[in-house]
Amino acid sequence: LLDEVRAMREAVEVDRKSDTAPLTREEAATYLRVHPDTLYTWATEGRVAYSRLGDGKRAALRFLRRDLDRFVSGHRIDTIEATRRHVKL
């Protein structure tokens, strides 16, 4: 129950931030509803855009909502109906 309350608080904090304010890895992961380690993997694989604050592997990562939204949109899978409308057989 405590974990659920913490997750809800984090989600509310992320929603309060400006759309243009960079998000930490934890905030961005909460926004996407994935584990921070998953987001880190996606970022280091070049799948989602990020900024690194400083030099070296231990430098903090920051994410922009628009990049996260673009990432989600880019991985959207249409329904069969929508695919049929776009592809003329």
Side-chain angles (χ1 to χ4, degrees):
L1 182 61
L2 287 175
D3 288 336
E4 290 178 31
V5 170
R6 283 187 191 114
M8 290 173 62
R9 281 187 184 160
E10 288 174 6
V12 168
E13 289 302 315
V14 169
D15 287 341
R16 287 184 188 160
K17 285 195 167 225
S18 164
D19 285 343
T20 59
L23 303 174
T24 65
R25 182 174 70 162
E26 290 75 18
E27 291 168 337
T30 299
Y31 182 71
L32 293 177
R33 297 184 182 187
V34 298
H35 194 276
D37 292 345
T38 300
L39 180 59
Y40 179 80
T41 299
W42 290 345
T44 57
E45 290 175 349
R47 296 172 66 190
V48 63
Y50 68 97
S51 297
R52 190 177 290 276
L53 303 180
D55 296 326
K57 282 193 153 199
R58 298 189 59 87
L61 304 182
R62 294 296 182 266
F63 300 85
L64 297 177
R65 281 184 196 233
R66 69 174 180 254
D67 293 330
L68 300 174
D69 291 340
R70 191 176 310 125
F71 172 75
V72 170
S73 294
H75 287 83
R76 185 175 183 283
I77 299 172
D78 268 336
T79 63
I80 293 172
E81 294 288 323
T83 303
R84 286 182 181 152
R85 284 193 298 266
H86 295 289
V87 178
K88 296 180 182 179
L89 300 175

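We're numbering straight along the sequence, starting at 1. Quick caveat, the model's predicted, so the values are computed rather than measured. Both backbone and side-chain heavy atoms feed into the values below; hydrogens, waters and symmetry mates do not.
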> When you look at CZ of R66, are more than 12 heavy atoms from neighbouring residues, nucleotides or ligands closer to it than 6.0 Å?
Replying inline: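 Incorrect, the count does not exceed 12.
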
> Within a reach of under 6.0 Å around CG of D55, are more than 12 heavy atoms found that belong to other residues, nucleotides or ligands?
Replying inline: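 Incorrect, the count does not exceed 12.
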
>> Can you confirm whether L64 sits close enough to P22 that some side-chain heavy atom of one is under 4.5 Å from a side-chain heavy atom of the other?
In response: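 The answer is yes, as the side chains (C-beta and beyond) meet within the 4.5 Å cut-off.
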
>> Just so I know, are the side chains of T38 and L32 near enough to count as touching, which here means a heavy-atom distance under 4.5 Å?
In response: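 No, their side chains stay 4.5 Å or more apart.
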
Which atom names give the shortest non-hydrogen contact between [X] and [Y], and what distance separates them?
X   : Y   : result
A59 : L53 : CB-O, 3.2 Å
R25 : F63 : CA-CE1, 3.8 Å
Y50 : T44 : CE2-N, 4.4 Å
A29 : L39 : N-CD2, 3.5 Å
R65 : Y31 : NH1-CE1, 3.4 Å

> Is D67 salt-bridged to R70, going by a charged N under 4.0 Å from an acidic O?
Replying inline: yes

>> I need the F71 CZ to R76 CZ distance, nearest 0.5 Å.
In response: 15.0 Å

> Say you draw a straight line from CZ of R62 to OG1 of T24; how long is it, rounded to the nearest 0.5 Å?
Replying inline: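 One gets 6.0 Å once the value is rounded to the nearest 0.5 Å.
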
>> If hydrophobic clusters are built by linking Ile, Leu, Val, Met, Phe, Trp and Tyr wherever their side-chain heavy atoms come under 4.5 Å apart, do Y40 and W42 end up in the same one?
In response: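 Same cluster: Y40 reaches W42 through Ile, Leu, Val, Met, Phe, Trp or Tyr contacts under 4.5 Å.
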
